[in-house]
Amino acid sequence: MTELHRPTLTERLTSPGAILAFAALLRIALLFALGNRTYWADTKEYETNALQFLSGHGPQGGTPRAPMYPLFMALGFRLGGVGNYVAIRILQLGLAILLVHLSGQLARRIAGTTAQRLTMFAMAVSPTVVFTSGMLYPTTLYSLALVSITLCAWELADRPALRTAALLGVGITAGWLTDQV
């Protein structure tokens with residue numbers, strides 16, 4: 001009878017699930033440190049547009065801001081109450097963890113499971129990536145759109161499928177609506 005392989009402590013600590021949990025803990029600590037306040041003037045512009053959406057109107061005329069992040073903020077305000085920046089940061093935490101995961105998936109496609117784990121760890125602890133996950137700014141949302149677009153395009157090139165093509169279209173649209181540069 002063949003014995004099942006029991007993962008070592010190192011294998012368990014470097015598993016994708018453990019890395020995602022560690023990434024979440026770092027970002028939760030940042031969330032508590034940032035509190036329920038804003039830090040940049042740009043955030044107020046996004047908030048103004050979010051409040052416009054909540055009141056049933058579109059963004060202010062002449063706003064330089066793309067609509068996706070204000071819509072995301074409006075969702076946070078709808079769930080947590082107007083002015084509840086913690087609710088938005090909690091929603092953004094989910095996006096940040098998904099970004100770490102999908103970045104790992106991309107690295108695995110490029111170079112295998114070791115690259116996946118290294119990339120996930122780098123994304124989990126990178127000061128810039130951690131910090132932007134707590135900002136009230138579209139950086140994490142846009143990064144997630146870009147990684148998703150790349151994964152969908154690669155998958156579509158390998159195995160054409162209508163579902164993947166539709167997801168690619170959603171990703172491109174989300175990216176454009178997040179940063180219209």
Side-chain angles (χ1 to χ4, degrees), residues 1-36 39 68-69 72-73 75-76 79-80 84-175 177-179:
M1 177 186 273
T2 306
E3 254 186 72
L4 293 176
H5 172 70
R6 288 182 54 122
T8 65
L9 179 60
T10 302
E11 289 171 329
R12 284 184 279 168
L13 290 175
T14 60
S15 72
I19 295 169
L20 287 175
F22 183 65
L25 286 174
L26 285 177
R27 285 153 178 81
I28 289 169
L30 176 64
L31 191 146
F32 281 112
L34 292 173
N36 191 42
Y39 294 88
M68 187 63 87
Y69 194 72
F72 181 79
M73 284 186 89
L75 174 63
L79 296 173
N84 188 340
Y85 306 113
V86 172
I88 298 166
R89 286 187 173 110
I90 290 170
L91 288 175
Q92 217 162 268
L93 170 69
L95 298 179
I97 298 307
L98 186 57
L99 177 61
V100 172
H101 171 71
L102 291 181
S103 297
Q105 293 302 309
L106 182 58
R108 185 177 54 76
R109 285 202 72 160
I110 294 169
T113 57
T114 300
Q116 173 189 20
R117 291 175 183 202
L118 288 172
T119 298
M120 289 179 71
F121 184 75
M123 293 291 287
V125 301
S126 166
T128 302
V129 177
V130 173
F131 181 70
T132 58
S133 70
M135 290 174 58
L136 296 171
Y137 210 72
T139 307
T140 300
L141 184 61
Y142 190 59
S143 299
L144 182 59
L146 293 176
V147 171
S148 299
I149 289 166
T150 305
L151 281 168
C152 285
W154 194 337
E155 180 66 23
L156 201 55
D158 285 350
R159 287 179 287 284
L162 184 58
R163 177 179 173 265
T164 308
L167 287 173
L168 178 60
V170 167
I172 291 170
T173 302
L177 290 173
T178 302
D179 188 358

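FYI, the numbering just counts along the sequence from 1.
Looking at heavy atoms from C-beta onward, Val125 lies in side-chain contact with Phe22 at the 4.5 angstrom threshold. Considering only heavy atoms from C-beta on, Pro16 comes within 4.5 Å of Gln116 through its side chain. Within the 4.5 Å cutoff, side-chain heavy atoms of Leu136 are placed close to those of Tyr69.
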* **Verdict with reasoning, Phe32 to Val86, per side chain to side chain contact (heavy atoms under 4.5 Å, CB included)** => CA-CA 8 Å; Phe32 281 112; Val86 172; over 6 Å; no

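In this structure Ser126 satisfies the side-chain contact (heavy atoms from CB on, under 4.5 Å) test together with Thr128, Val129, sequence neighbours excluded. Under the side-chain contact (heavy atoms from CB on, under 4.5 Å) criterion, Ala115 pairs with Ala107, Ala111, sequence neighbours left out. Checked against side-chain contact (heavy atoms from CB on, under 4.5 Å), Leu79 has the following partners two or more places apart in sequence or in another chain: Leu75, Leu91. Checked against side chain to side chain donor-acceptor pair (under 3.5 Å), Tyr137 has the following partners two or more places apart in sequence or in another chain: Asp42. Scored by the side-chain contact (heavy atoms from CB on, under 4.5 Å) test, Ile172 finds Ile149, Leu168 as partners (sequence neighbours excluded). For Thr14, the side chain to side chain donor-acceptor pair (under 3.5 Å) partners at least two apart in sequence or on another chain are Arg117. Scored by the salt bridge (Lys or Arg N to Asp or Glu O under 4.0 Å) test, Arg163 finds no partners at all (sequence neighbours excluded).
Between the side chain of Ser133 and the backbone N or O of Val130, at least one donor-acceptor pair lies under 3.5 Å. When atom types are taken as modelled, the side chain of Tyr39 and the backbone of Leu34 share a donor-acceptor pair closer than 3.5 angstrom.
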Side-chain donor-acceptor pairs under 3.5 Å in residues 94-106, sequence neighbours left out?
unit_1, atom_1, unit_2, atom_2, d
Ser103, OG, Leu99, O, 2.8
Gln105, OE1, Arg108, NE, 3.4
Gln105, OE1, Arg108, NH2, 2.6

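Residues in residues 133-158 take part in these salt bridge (charged side-chain N to carboxylate O under 4.0 Å, His left out) pairs, two or more places apart or across chains: Arg109-Glu155, Arg109-Asp158, Glu155-Arg159. The list of salt bridge (charged side-chain N to carboxylate O under 4.0 Å, His left out) pairs with a residue in residues 9-35, not counting sequence neighbours, is empty. Within the structure, ring pair (Phe, Tyr, Trp, His ring centres under 6.0 Å) pairs that include any residue of residues 112-131 comprise Trp40-Phe131 (at least two apart or interchain). Applying the salt bridge (charged side-chain N to carboxylate O under 4.0 Å, His left out) definition to pairs two or more places apart or across chains, none involves residues 129-154.
Atom-to-atom distance recorded for Ile110:CD1 and Thr119:OG1 is 7.5 Å, nearest 0.5 angstrom. Separating the OG1 atom in Thr140 from the CZ atom in Phe72 is a distance of 8.5 Å, to the nearest 0.5 Å. Taken to the nearest 0.5 Å, the CE atom of Met73 stands 6.5 Å off from the OH atom of Tyr85. Leu141 CG to Thr132 OG1: the interatomic distance, rounded to the nearest 0.5 Å, is 11.5 Å. Distance check: Leu25 CG to Leu31 CG gives 12.0 Å after rounding to the nearest 0.5 Å. Taking CD1 from Ile88 and CG from Leu93, the interatomic distance works out to 14.0 Å, rounded to the nearest 0.5 Å.
Between Ile19 and Ala124, the shortest heavy-atom distance links the atoms CG2-CB, 4.1 Å. Of all the heavy atoms in Ala145 and Gly171, the pair that sits closest is CB-O, 4.1 Å.
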